[in-house]
Amino acid sequence: MSKLIVANFKMNGTKSSITQWFNDFSMEKNISNEVIVALPALFLFDFADNNISVAAQNVSSHSSGAYTSQISAEMLKDCGINYSIIGHSESREFLKETDEDIFNKYNQLIKYSIKPIICIGEPLKIREDNLLQSFISSQLKQFEDTDNELIIAYEPIWAIGSGLIPTVEDINEVSELIRGLCKNVKILYGGSVNEENASNLLNNSNIDGVLVGGASLDPKEFANIAQSC
Ligand code: PEP
């Protein structure tokens with residue numbers, strides 16, 4: 001079955017470097033998996049009309065009003081955007097977003113038929129203290145009752161940008177937990193995915209795709225990841 005391969009550019013790139021990225025990526029053949037590229041908000045409109053889907057990296061939890069600097073789900077939809085990451089650990093940390101904020105963002109996106117890519121994942125201390133299951137369950141609590149198809153990206157915080165990666169068994173344990181909690185769910189793994197480890201992750205673990213940060217900035221490496229299963 002086709003996998004979902006998501007790039008997260010974070011706060012990287014310019015209009016010209018992203019144009020070059022799309023040109024280079026489009027030269028790559030044999031990609032049968034679905035690809036989505038999460039761009040900095042300022043460039044979404046420029047690249048929305050691409051044959052590769054683009055995603056926002058965040059959205060406001062409010063519908064409109066006095067929220068200087070924020071971008072609403074309605075604005076994303078108006079610019080032709082059909083996916084948005086929410087709950088990324090960097091947004092949770094730097095923007096002090098709570099699980100409640102993330103659920104409000106989810107509801108805003110659903111209202112405008114934009115598919116949320118919901119990031120969850122534990123800090124190292126939680127894993128070391130054997131609190132993983134309760135931590136993940138509490139991050140997912142608000143999503144348990146929905147029949148909507150969910151895309152959950154499991155991104156252990158200690159694996160993001162660190163070169164550390166959980167074992168396939170560790171990923172499968174969390175993925176089983178998520179599948180037990182949510183009815184209709186696609187699971188992505190994210191955290192230090194690169195062209196060397198992607199094939200093992202995609203072919204041997206119980207996931208539906210990957211979310212790739214640093215390694216997605218090189219179109220050739222990202223294509224190799226997208227071709228690895
Ligand atoms: C991310 O931040 O979503 C991510 C997966 O980053 P990296 O691949 O660089 O660890």
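A quick note: this is a predicted structure, and the numbers were derived from the prediction, not measured. In what follows, residues are counted from 1 in the order of the sequence shown. Remember, it's 1-based here, ligands and their atoms both numbered in the order they're listed. Just the heavy atoms: all of them, side chains too, but no hydrogens, waters or symmetry mates, feed the values below.
The only member of Asn206, Val174, Ile207 that meets side chain to side chain contact (heavy atoms under 4.5 Å, CB included) when paired with Tyr189 is Ile207.
Proximity of the aromatic rings of Phe9 and Phe43 is defined here by a centroid distance below 6.0 angstrom, and this criterion is not met.
Using a cutoff of 4.0 Å between basic side-chain nitrogens and carboxylate oxygens, Asp24 and Lys220 are not scored as salt-bridged.
A tilted orientation is assigned to the rings of Phe222 and Trp21, their planes being inclined by 30° to 60°.
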Test side chain to side chain contact (heavy atoms under 4.5 Å, CB included) on Leu4 and Asn33 and set out the steps. CA-CA 6 Å; Leu4 182 55; Asn33 293 306; over 6 Å; no
Check ligand 1 for close polar pairs with the protein: N or O on both sides, less than 3.5 Å.
| residue | atom | partner | partner atom | Å |
| --- | --- | --- | --- | --- |
| ligand 1 | 2 (O) | Lys10 | NZ | 2.5 |
| ligand 1 | 2 (O) | His88 | NE2 | 2.8 |
| ligand 1 | 3 (O) | His88 | NE2 | 2.9 |
| ligand 1 | 3 (O) | Glu155 | OE1 | 3.2 |
| ligand 1 | 3 (O) | Glu155 | OE2 | 2.8 |
| ligand 1 | 6 (O) | Lys10 | NZ | 3.4 |
| ligand 1 | 8 (O) | Gly213 | N | 2.8 |
| ligand 1 | 9 (O) | Gly214 | N | 2.8 |
| ligand 1 | 10 (O) | Gly161 | N | 2.6 |
| ligand 1 | 10 (O) | Ser192 | N | 2.8 |

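Rounding to the nearest 0.5 angstrom, the gap separating the CG atom in Leu150 from the OH atom in Tyr106 is 5.0 Å.
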